[in-house]
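Heads up, the thing below is written out as structure tokens.
Hydrogens, waters and symmetry mates are skipped; everything else that's a heavy atom, side chains included, is used.
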Number of protein chains: 2
Amino acid sequence: MTGLLADRLCAAGYRLTAARSATIRVLESGDPHLSPAEVLERGRAFHPALSRATVYRTLELLTSLGLLRPLYGGEDGVRFACVADGHHHLICLKCGAAIHFDRCGLDDGMEHDLEQQFGFEVKSHMLELYGLCADCRRALPEEK
Amino acid sequence: MTGLLADRLCAAGYRLTAARSATIRVLESGDPHLSPAEVLERGRAFHPALSRATVYRTLELLTSLGLLRPLYGGEDGVRFACVADGHHHLICLKCGAAIHFDRCGLDDGMEHDLEQQFGFEVKSHMLELYGLCADCRRALPEEK
DNA sequence: GTACGTGCAAAGGTTTTGCATGGCG
DNA sequence: CGCCATGCAAAACCTTTGCACGTAC
């Protein structure tokens, strides 16, 4: 339990309430790709009164702080990923599976170069690679 | 006019119809981050009868071929980006501006390593860096 | 000529909003 | 104690789906 999201939230001047705390606990507990509905369902384990509207508001707030990122998954709508310290996925174009990997091939000097070139202040990043996962590669040749 | 999207579509065995052609022309004409509504509006310049449903169907089709990628933009919902040959953005967390840059710091051996490790076949990729654009950095200190 | 693709319009689900209440700081 | 945040429920929105017709190949 690092409390990274909570820390950043407070540092930005927002209150750490029961609803937000529950939402954050869900986001930091394992599964890195959750839909708003899943966050609501799991969040109610920590704070039964949690409302759908508050989940949406909290997700938007964390996104605006650069801590979360909304992704379009394979088929089931939006999912949010924590990108506080960079996030890297392999995404299967067929089944929508998102595989997380740690290694980031990013050139370390790159962020600095971009800040120089565009005056852009980089806070986090995400790298996605698209293709076919092992299971779908196996399945494809068979189906006709 | 490269016709890259059209070529790939046909190569995959799909028909190149007037509706699809119009949609593709919009996607290949400049602006790399379009919402479905914008695609519809601009597409009707080429094919007035173009329907909203067909735009959605075509966007989904191109996405499943790994040519497009749905992104959640700053505030206005989904936008689609062409990732046929890799795409790299700086995204402003405040105003939602998406700045394209060419340089990709990706380690060239990385794709191959991931194929070895996960059995994943990489077809395209996208790199997003989140932060504040030059304009918003200037504006922030002023507004209280 | 045939199977695929389209347009229309209605259905479905998710996301957003307003307002009175509650609780953090 | 004041203001921020919440919960509820309704409203708004975007997206998807069914079906009969048109058309690419």
When rounded to whole Å, the OH to P distance for the pair B:Tyr56 and D:dT15 reads 3 Å
Check your understanding: Any salt bridge between B:Arg69 and A:Glu128, counting N to O under 4.0 Å?
Key -> yes
Separation of C:dG23 atom P from A:Leu16 atom CG, nearest Å, is 16 Å
Rounded to whole Å, the CD-C1' distance (B:Glu60 to D:dT15) equals 10 Å
Rounded to whole Å, CD1 of A:Ile24 lies from C1' of D:dT6 at a distance of 15 Å
Taken to the nearest 0.5 Å, the spacing of B:Leu16 CG from B:Cys10 SG works out to 4.5 Å
When rounded to the nearest 0.5 Å, the distance separating OG1 of B:Thr23 from CG of B:Leu34 is 11.0 Å
In whole angstroms, the gap separating C1' of C:dG5 from CG of B:Leu50 amounts to 12 Å
Rounded to whole Å, CG of A:Leu9 lies from C1' of D:dA5 at a distance of 11 Å
Distance-only donor-acceptor test, B:Arg15 side-chain atoms vs C:dC4 base atoms, 3.5 Å:
yes
Exercise for the section: Give a yes/no answer on whether the side chain of A:Thr17 brings an N or O atom under 4.0 Å of OP1 or OP2 in D:dC4. Expected result: no
Inset, instruction - Kindly determine whether B:His89 and B:His33 satisfy side chain to side chain donor-acceptor pair (under 3.5 Å), including the steps that lead there. - result: CA-CA 10 Å; B:His89 308 88; B:His33 301 101; 2.6 Å; yes
The reported gap from OG in B:Ser29 to CD1 in B:Ile24 (rounded to nearest 0.5 angstrom) is 11.0 Å
In whole angstroms, the gap separating C1' of D:dT15 from CG of B:Leu40 amounts to 13 Å
Taking D:dC8, D:dA5, D:dT17 as options, the one with an atom nearest any side-chain atom of A:Arg20 is D:dA5
Whole-Å distance, B:Arg57 CZ to C:dT6 P, equals 7 Å
Look at A:His47 and D:dG7 and indicate whether a side-chain polar atom (N or O) is within less than 4.0 Å of OP1 or OP2. yes
- Task: Identify whether any heavy atom of A:Arg52 sits under 4.0 Å from a base atom; if not, whether one sits that close to sugar-phosphate; answer base, sugar-phosphate or nothing.
- Result: base
Considering only heavy side-chain atoms of B:Ala53, the closest of C:dT6, C:dC8, C:dT17 is C:dC8
